[in-house]
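Data block below; observations after.
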Amino acid sequence: MLLRKNYIYVVSLALLLALIFFGVKVLHNEWRTSYTILFQQSIYKVNLLSLQFRNIFDGIYRPLVASREKGLPERRLYISQKAQNVLMENM
């Protein structure tokens, strides 16, 4: 009688621990999928949480250090006379 009583406790304790373990595992998987894109073709998975933090940081940091001029700075490119003649032939 005593053996059967302890056996029931051991089995029920093992089932309870298994249930808790798998419950925690499912909760962890659900939590992880909320900020990670699944089924990506690449090896590296995009962490959406860190990407969102980086975007917030850029939204705060960029206006503080950016210049007030619009557009890209003007650059002068050197094109040789020979290349200019070849480009202008078809016009």
Side-chain angles (χ1 to χ4, degrees):
M1 186 74 165
L2 185 64
L3 183 62
R4 283 187 183 170
K5 199 175 199 182
N6 289 339
Y7 181 71
I8 290 172
Y9 288 141
V10 169
V11 170
S12 62
L13 181 64
L15 288 174
L16 184 63
L17 288 175
L19 183 65
I20 290 172
F21 174 74
F22 288 116
V24 169
K25 186 174 179 183
V26 167
L27 284 174
H28 177 264
N29 287 341
E30 289 292 326
W31 170 74
R32 178 152 173 75
T33 57
S34 67
Y35 70 88
T36 304
I37 299 173
L38 295 178
F39 310 115
Q40 295 179 18
Q41 298 300 322
S42 64
I43 295 171
Y44 174 74
K45 292 194 178 296
V46 175
N47 187 343
L48 295 177
L49 191 62
S50 67
L51 184 64
Q52 187 176 8
F53 283 140
R54 192 176 309 131
N55 286 340
I56 291 170
F57 175 75
D58 282 344
I60 295 170
Y61 177 73
R62 295 281 181 215
L64 296 175
V65 297
S67 67
R68 301 293 178 222
E69 296 177 11
K70 294 193 180 225
L72 296 173
E74 183 179 323
R75 300 284 184 224
R76 298 193 53 84
L77 300 176
Y78 171 75
I79 300 175
S80 67
Q81 189 64 37
K82 182 179 176 183
Q84 285 181 12
N85 292 338
V86 170
L87 288 172
M88 297 303 279
E89 276 180 3
N90 294 332
M91 293 194 150

Hydrophobic cluster (4.5 angstrom, side-chain heavy atoms) - remaining members for Ile79: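 ILVMFWY cluster around Ile79 holds nothing else.
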Can you give me every donor-acceptor pair (side chain of residues 14-23, partner residue at least two apart or in another chain, under 3.5 Å) with its distance?
none

By side chain to side chain donor-acceptor pair (under 3.5 Å) - contacts of Asn85 (at least two apart):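 Partners of Asn85 under the side chain to side chain donor-acceptor pair (under 3.5 Å) test: Gln81.
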Heavy atoms of other groups near Leu72 CG, more than 12 under 6.0 Å: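 No - once you tally the heavy atoms of other residues, nucleotides and ligands closer than 6.0 Å, there are 12 at most.
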Partners meeting side chain to side chain contact (heavy atoms under 4.5 Å, CB included) with Leu87 (sequence neighbours left out):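 Testing Leu87 for side chain to side chain contact (heavy atoms under 4.5 Å, CB included), a comparison that skips the adjacent residues, returns none.
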Pairwise ring-ring contact (aromatic ring centres under 6.0 Å, His included) hits with a residue in residues 58-91, at least two apart: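 Sorted pair list: Phe57-Tyr61.
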